[in-house]
Amino acid sequence: MKYDFKQIEPKWQQKWEEAKVFCAEDNSEKPKYYTLVEFPYPSGAGMHVGHIKAYSGLEVVSRKRRMQGYNVLFPIGFDAYGLPTENYAIKTGTHPRIVTDNNIAKFTSQLKRVGFSFDWSRVIDTTEEDYYRWTQWIFLKMFENGLVFRDNALVNYCPHCKVVLSNEDSQGGKCDICHSDIVQKSKTVWYLRITQYAEKLLQGLEEVDYLPNVKQQQVNWIGKSTGAFVNFTIAQTDEKLRIYTTRPDTLFGVTFMVIAPEHPMIQEQRDRITNIEALDAYREECAKKTEFERTQLVKEKSGVRIEGLTAINPVSNKEIPIYISDYVMMGYGTGAIMAVPAHDERDWEFATKFGIDIIEVIKGGDISKGAYAGDGEMVNSEFLNGYTNKKESIQRMLEYLEEKGIGEGGVQYKMKDWAFNRQRYWGEPIPIVHCAHCGMVAVPYDELPLKLPKVENFEPGEGGESPLAKIEAYVNCKCPKCGRDAKRETDTMPQWAGSSWYFLRYIDPHNESALADPEKLNYWLPVDWYNGGMEHVTRHMIYSRFWHKFLYDIGVVPCSEPYAKRTAQGLILGPDGEKMSKSRGNVVDPNDVVDVLGADVLRTYVLFMGDYASAAPWNESSMKGCKRFLERIADLTDLIKGEGVTPKLETAFHKTVKKVSLDIEDLKFNTAIACMMTLLNDIAAVGSLTKDEMLILVRLLCPFAPHLSEELWEQLGGDGFCALAPWPQWDESKTVDSTVEVAVQVNGKVRASIQIPFNCPQSDAIAAAKADEKIAVLLEGKTVIKEICVPNKIINIVVK
RNA sequence: GCGGGUAUGGCGGAAUUGGCAGACGCGCAAGAUUUAGGAUCUUGUGUUAAUUCGUGCAGGUUCGACCCCUGUUACCCGCACCA
């Protein structure tokens, strides 16, 4: 058959759509399988081939599952709220709604041309009213359950985007969208209490099947540590200064304390502090620094002693000085530390610079040269002296602290609460009303969705206020509780809101009375296999697990973890080996490949180019190999002779069916395809194959190159769609040849190769090896010390 | 600094997990076909004078090591003054 992809690809795409081949059934006798890929953000640039690789992995799995008889849900949608669209809209003067619709149309046509087997009847768009209505609904449920709060705090702020960012959105001190430096700004912001779920998010990882590095990254991000809170008395007052430490057993070594420059104690004790100007000056200096300067460039410790206040070491009762320094962060622990210079590197540097006492409490190092962080015998510590086990000494100190009411054991997490509002237009409106009498009042559920008003000017205000604040008709409203005049919240939700629960909406996308029908949720959840990018592991993955766990706690979803299994694909790099990006000009548009070589070649190539989980550069000429492969498959139709089994090919077919079947489950698509190529070479060597064999090969190929497979299936008289034909089975006993080639080594070096029957007795195998001419020569006059025989693999004869 | 990972031909990458290193594809070379180019097909292709040497480098364990152990170098990713 001539391989005419331009004719067959549109033909089958249309047939699949007409016959609804890929629509998931809600009431089915078949076992269910839910495969999920990260839905795209529809940017103006359209998709690049990286998206195609990201979706092709589970596309193959989904297609295989259908052929295995599963009722498969493999949905797609669009995560369409977000800053890039809004920035583009501002630049071009086009409304974000129009920009979004255009981008979605472009993405849709690109996806359809590749022939993905998505269920297009369940497409969702996070910016549509009947979707974000439920995003707001979940937010209000969280509000109702005390997981939403407002606080004036130092927040990550991007001066370029004019927006407050969460910790997750400003990793590395850079804005996630424009990569500008983040500054710390004091602002009143909305938070979601994700820290309340820190322990559950950590525990939940035990019960899921995620790639080890995905799990590890989440564990690190949550950052649990165990230690103690200790209250130090401030000598001049009745106030306590509370600190967190992981080593309470070093308390006798505490010679000073440090608090963050922003610590509230400075304001509270203003009157008692005699050098308040110096402290204010230092704090201002710190505020000017970017996150980068504060963490990377400042190697030398700086700080100012607080004059007029001292603390009392609660175990030794010694009076110790208090400093402010920016090496202590307000955002972790209590914003204050007890400093143990003998055993903490940072404290040691600080103490050395400021001439503070250093008291050794753990033996083993030389504290005149540096801090000693290792284990050892406790000294200078009264009742702890002589302890050598860290666990025991900590335990003993905790008992003491609790007995005396000085402190108590506790845990800390690096993860912070989720700064949830954005001062922007293109996002879900936060459904809260501010009432002078009632405070923050939720918009009643029956008024959802609180619609995003249409505006002309969606630029944010210079003072960092949302564009919605300018619309009086929107802002001014009545309090839902008391009916008096009130004002609406004008900030919107972050981009991550809509994607935190989208996989639930796919299950019942058109439901008007609930986010999804409980019975359907019960049938489809959890997602059986979720694949996406590593960059979402500490953002979207954490957020959506948090939302899901909350929904589980209030009885909306039936399971506590949303994703049973999570894998990740590697990036496709540009032909230059650099990350694909518009600015580098090395982006490959899938449409260009489909035009010239066809969708099946594109699909096969992105999976064949290398290990699915690793990054690999795009290579135009390598794609030729995939094109030749598909052409040679099409040409096989000329070699078909008869039916049944070709004896010389029987083993090769069983081997291939096995390997392709198993490799798909491990995302080893490159070797699955390589194996089919090898089979093709075997067939070429034999010169013919039967129609039945051809039908097996066509079905194996179907998940990878479905258009060609359907065409061949039809021409050969296959029943129905190849996409729903039964997946081929293999017979384990037929995956091996009756005779095997075994390498014969003498003293570990391969000297000959013999043909012997499969699984023949070891004694026969060794006898056959010794009988070989080349081996016999080498054994002459030598003493055999040892004979090793690995059945069907290798024989090694050791001689002297 | 902490955590995770990688290192194999000219290139992308295989190797049943301790058993013939380099599958499969690209590229390259020669030949066939073609007016020519392209495309296609066939054969060859780690290295060597060798039965040599070969999986970043140096050792070790073993009959046997890309695989296990010790040390070391380079690169990539994530977090980072986390108390």
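Below, chains carry the letters A, B, ... as their sequence lines are ordered, and counting in each starts from 1.
Comparing Tyr612(A) and Ser753(A), the nucleotide of RNA chain B nearest to each residue sits closer to the 5' end for Tyr612(A). With the nearest nucleotide of RNA chain B identified for both Ser614(A) and Gly335(A), Ser614(A) has the one nearer the 5' end.
Atom name C1', nucleotides U52(B) and G46(B): the rounded distance is 13 Å, in whole Å. Taking the C1' atom of each, C67(B) and U6(B) are spaced 15 Å apart, rounded to whole Å. On the C1' atoms, C20(B) is 34 Å away from A32(B), given to the nearest whole Å. Using P as the reference atom, C66(B) and G78(B) are 33 Å apart when rounded to the nearest Å. Separation of the C1' atoms belonging to G12(B) and A7(B) is 15 Å when rounded to the nearest angstrom. For the P atom pair drawn from U47(B) and C11(B), the interatomic distance equals 12 Å after rounding to whole Å.
Geometrically, Lys301(A) does not engage Phe350(A) in a cation-pi contact, judged by NZ or CZ lying under 6.0 Å from the ring centre and within 45° of the ring axis.
Looking at heavy-atom distances under 4.0 Å, Lys215(A) makes no contact with the nucleic acid at all. Asp347(A) comes within 4.0 angstrom of nothing in the nucleic acid, heavy atoms only. Among the heavy atoms of the strands lying under 4.0 Å from Glu741(A) is at least one base atom, whether or not backbone atoms are also near. Asn796(A) comes within contact range of at least one nucleobase, with a heavy-atom separation under 4.0 Å. Note on Ala615(A): only backbone sugar-phosphate atoms sit closer than 4.0 angstrom, heavy atoms only; bases stay farther off. Among the protein residues, Val790(A) comes within range of the nucleic acid bases, having at least one heavy atom under 4.0 Å from a base atom. Contacts of Glu345(A) with the nucleic acid, taken as non-hydrogen atoms under 4.0 Å apart, are absent.
G71(B): glycosidic angle beyond 90° from 0, hence anti. U55(B) shows a glycosidic angle more than 90° from 0 and is accordingly assigned anti.
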Grab the N/O contacts between the protein and nucleotides 42-52 of chain B below 3.5 Å, and write none if there aren't any.
none

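Ring pair Phe608(A)/Phe629(A): centre-to-centre distance not below 6.0 Å.
Under the Watson-Crick and G-U wobble criteria, each requiring two contacts below 3.5 Å, nucleotide U45(B) is paired to G27(B). Under the Watson-Crick or G-U wobble criterion, with both distances below 3.5 Å, C20(B) has no partner in any strand shown. Across every strand in view, U40(B) sits in a pair with A32(B) that passes the Watson-Crick or G-U test at under 3.5 angstrom. For C68(B), the paired base is G60(B) (Watson-Crick or G-U wobble, both distances below 3.5 Å). Nucleotide A74(B) is matched to U6(B) when pairs are restricted to Watson-Crick or G-U wobble geometry with both distances under 3.5 angstrom.
Salt bridge annotation for Lys627(A)-Glu620(A): absent, with no cationic side-chain nitrogen under 4.0 angstrom from a carboxylate oxygen. Electrostatic pairing of Glu360(A) and Lys369(A) does not count as a salt bridge here, judged by no charged N lying under 4.0 Å from a carboxylate O.
In this pair, His540(A) and His536(A) present their aromatic rings perpendicular. The plane angle is above 60°, beyond the 30 to 60° band. Ring geometry for Tyr543(A) against Trp496(A) counts as tilted: the plane angle lies between 30° and 60°, on a 0 to 90° scale.
Taking 3.5 Å as the limit, the base of C79(B) and the side chain of Lys414(A) contain no donor-acceptor pair of atoms between them.
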Practice task
I would like to know whether Tyr327(A) and Asp347(A) meet side-chain hydrogen bond (donor to acceptor under 3.5 Å, both in side chains); could you show each step before the answer?
Solution key: CA-CA 10 Å; Tyr327(A) 85 89; Asp347(A) 297 345; 2.7 Å; yes

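Applying the side chain to side chain donor-acceptor pair (under 3.5 Å) rule to Asp737(A) yields the partners Thr651(A); only residues at least two apart in sequence or on another chain are considered.
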